[in-house]
S.K.: 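Here's a structure for you.
Computation of the quantities below employed the complete heavy-atom set of this structure, encompassing side-chain atoms and omitting hydrogens, waters and symmetry-equivalent molecules. Throughout, numbering of the chain's residues begins at 1 and tracks the sequence. Computed from a predicted structure; not experimentally measured.
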Amino acid sequence: MILSKKSRKVLLGVSAAAVMAAGVATNHWATASDHAGTVQTVSKPGTDLTDLHIFPGSNANNVVLAMSVRPLIPAGQATPSKFSFDTDVLYQFKIDNTGDNVEDLVIQAKFFDTGANQRCFISGPVKPTRTGTINVRETPLATSGVINQTFAPTAGMQVFAGFREDPFFFDLEQFGNILPDRLVPPGLKPPPPPGQENTPMAASWRPPGAAKDFLANFNVLALVIEMPKAKLGNGKIRVWETTSVAR
């Protein structure tokens with residue numbers, strides 16, 4: 001598997017990442033990321049989506065879907081005893097394989113318990129009971145897994161849910177120099193002098209090799225699923241990710 005650096009409840013979608021349009025086994029890309037971008041995700045970080053990735057699997061017939069959630073976990077604290085997936089949240093990949101921007105299939109993950117024994121249950125890929133922002137948890141596959149361990153919920157599918165280094169690169173310090181009036185974490189750099197809050201201290205990004213990756217020492221929780229491409233459609237697919245909480 002390639003890894004990158006019961007009862008039904010109605011759930012309400014609270015956040016969604018950028019849509020990625022991609023051939024199942026091609027290299028079309030959409031680039032976006034977000035970390036603690038709203039008051040809502042700061043107050044409930046388990047719903048905070050950062051990145052979505054699609055890439056070829058361990059053989060030519062497979063594809064990998066990967067979502068990153070719960071950003072800004074310090075590297076030294078990336079343990080299930082301190083951080084785990086939010087048990088109130090339904091994590092979903094939504095797949096449109098007909099080109100109408102409505103999900104035809106969903107793959108869902110739901111977590112139970114916390115700590116090193118937190119269990120992950122996968123549903124799908126399956127036609128959703130409801131589409132859009134109101135979601136229903138679909139019937140899970142028979143085999144569940146444990147956080148930080150790869151498991152196979154059904155034949156041909158592999159799943160990993162656990163810690164990974166944040167794959168996004170962002171020079172937040174230089175961003176603050178270009179746009180000094182934007183909020184930066186306390187202690188990263190002193191605030192601009194009074195009257196100079198909107199005066200740029202730099203005009204452009206630092207060159208390759210000089211940029212500083214603010215996220216280098218942070219981890220995310222990653223949900224990574226590898227499966228046969230044929231399970232998602234026969235041509236171009238569009239994939240997005242959502243997090244939902246019980247209404």
S.K.: Please assess Thr98 against Asp96 for the test side-chain hydrogen bond (donor to acceptor under 3.5 Å, both in side chains), listing each intermediate value before the final yes or no.
M.R.: CA-CA 6 Å; Thr98 59; Asp96 164 28; 3.3 Å; yes
S.K.: Any side-chain heavy-atom pair from Pro153 and Met227 closer than 4.5 angstrom?
M.R.: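 Of all side-chain heavy-atom pairs linking Met227 with Pro153, none is under 4.5 Å.
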S.K.: Is any side-chain heavy atom of Arg119 closer than 4.5 Å to one of Val146?
M.R.: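 Side chain of Val146 against side chain of Arg119, heavy atoms only: contact under 4.5 Å found.
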S.K.: Within the 4.5 Å heavy-atom criterion, are Pro140 and Lys110 side-chain neighbours or not?
M.R.: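 No, every pair of side-chain atoms sits at 4.5 Å or beyond.
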S.K.: Going through the checks in order, is the side chain to side chain contact (heavy atoms under 4.5 Å, CB included) test met by Cys120 and Phe151?
M.R.: CA-CA 10 Å; Cys120 174; Phe151 68 100; 4.0 Å; yes
S.K.: Are the side chains of Pro200 and Ile178 in contact, using a 4.5 Å heavy-atom criterion?
M.R.: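 A side-chain contact under 4.5 Å is absent here.
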S.K.: Would you say Thr242 and Lys94 make side-chain contact, with heavy atoms under 4.5 Å?
M.R.: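 A side-chain contact under 4.5 Å exists here.
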S.K.: As an exercise, state the distance from CG of Leu232 to CG of Leu105, rounded to the nearest 0.5 Å.
M.R.: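 Answer for the CG-CG pair, Leu232 versus Leu105, is 6.5 Å.
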S.K.: Which distance, rounded to the nearest 0.5 Å, do you find between the CD of Gln108 and the CZ of Phe121?
M.R.: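 Gln108 atom CD to Phe121 atom CZ measures 14.0 Å (nearest 0.5 Å).
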S.K.: Restricting to ring pair (Phe, Tyr, Trp, His ring centres under 6.0 Å), what partner residues turn up for Phe163, sequence neighbours left out?
M.R.: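 Per chain and number, Phe163 pairs via ring pair (Phe, Tyr, Trp, His ring centres under 6.0 Å) with no residue.
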S.K.: I'd like to check the ring pair (Phe, Tyr, Trp, His ring centres under 6.0 Å) partners of Phe93; sequence neighbours left out, ordered by chain and number.
M.R.: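 Once residues adjacent in sequence are excluded, Phe93 has no partner under the ring pair (Phe, Tyr, Trp, His ring centres under 6.0 Å) criterion.
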S.K.: Taking side chain as C-beta onward, heavy atoms only, is Val64 less than 4.5 Å from His53?
M.R.: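 With C-beta onward as the side chain, the pair stays apart.
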